[in-house]
Amino acid sequence: MNTLVSVPFARSPQDPRHRETDGMPRQTRWGRGVAALAILVCLVVVSTLAATLAHQLWLRVRDAQQERLLIQADWLVASAIDRALYRMRENADYQGEVWEIPENDLPGGLRGVVRTAVEQDGGKSRSLVLEVKLVLNEKIVVSETRHLTLP
């Protein structure tokens with residue numbers, strides 16, 4: 001009796017179901033796929049690190065600019081105190097003033113507005129109220145107020 005036994009046969013390279021391409025063994029193709037995947041993962045990691053470093057740099061620059069503005073405001077407060085005390089010594093009736101600093105006098109296109117006011121606290125004591133605003137493009141970027149009690 002003859003029984004047919006099915007034996008798998010090797011596919012010829014011309015068969016469209018043939019798994020090898022261009023005569024390249026399967027292991028080489030698999031190795032190329034792994035290499036491509038590794039390169040993509042490395043690119044994602046490097047891109048993420050670069051974006052993180054750029055963001056950190058941007059934050060540090062912004063903080064340095066804000067610190068510079070605060071220092072500028074402190075200088076204006078110190079100048080306003082000196083100016084108000086000088087004016088009070090020269091004129092006993094000095095009640096305060098508004099002092100505007102044009103854009104040309106401050107760095108970075110800033111414009112400054114300093115308001116000083118002398119307030120009576122009842123008896124003989126007086127207080128000096130100073131308000132400093134730094135303005136850039138018609139937007140207040142720093143606003144600082146100080147109250148000083150005068151003898």
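For reference, positions follow the sequence shown, starting with 1.
- The hydrophobic clustering, which links ILVMFWY residues whose side-chain heavy atoms are closer than 4.5 Å, places Y94 and V77 together.
- Between R126 and V118, the closest heavy-atom pair is CD-CG1, 4.0 Å.
- Considering every non-hydrogen atom in both S79 and W99, the closest pair reads CB-CH2, 3.8 Å.
- In this structure, M88 and L150 approach most closely via the heavy-atom pair CE-CD1, 3.1 Å.
- A distance of 12.0 Å separates CD in E97 from CZ in R115, rounded to the nearest 0.5 Å.
- How far CG of D93 is from CZ of R87: 14.5 Å, rounded to the nearest 0.5 Å.
- Separating the CG atom in L76 from the CG atom in L110 is a distance of 9.5 Å, to the nearest 0.5 Å.
- When every heavy atom of L134 is checked against every heavy atom of G112, the shortest pair comes out as CD2-CA, 4.2 Å.
- Separation of atoms CG (D105) and CD (E100) is listed at 12.0 Å; rounding is to 0.5 Å.
- V113 and V141 are members of different hydrophobic clusters when ILVMFWY side chains are connected at heavy-atom separations under 4.5 Å.
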Stepwise side chain to side chain contact (heavy atoms under 4.5 Å, CB included) check, D74 with R146:
CA-CA 10 Å; D74 284 342; R146 300 265 177 99; 3.0 Å; yes
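- By the neighbour-count criterion of 12 heavy atoms within 6.0 Å, atom CG of N91 is densely surrounded, having more than that number from other residues, nucleotides or ligands.
- Here NE2 of H147 is found 9.0 Å from CD of E131. Values are rounded to the nearest 0.5 Å.
- Under a hydrophobic clustering in which Ile, Leu, Val, Met, Phe, Trp and Tyr are joined whenever their side-chain heavy atoms come within less than 4.5 Å, directly or via other members, V135 and I101 fall into different clusters.
- The nearest pair of heavy atoms linking A73 to V142 is CB-CG1, 3.7 Å.
- A distance of 11.5 Å separates NE2 in H55 from CG in L53, rounded to the nearest 0.5 Å.
- In this structure a side-chain-to-backbone donor-acceptor pair under 3.5 Å is missing from T116 to G96.
- Residues V129 and Y86 fall into different hydrophobic clusters, defined by Ile, Leu, Val, Met, Phe, Trp and Tyr side chains chained together at heavy-atom separations under 4.5 Å.
- Taking each heavy atom of A80 and L130 in turn, the nearest pair found is CB-CD2, 3.8 Å.
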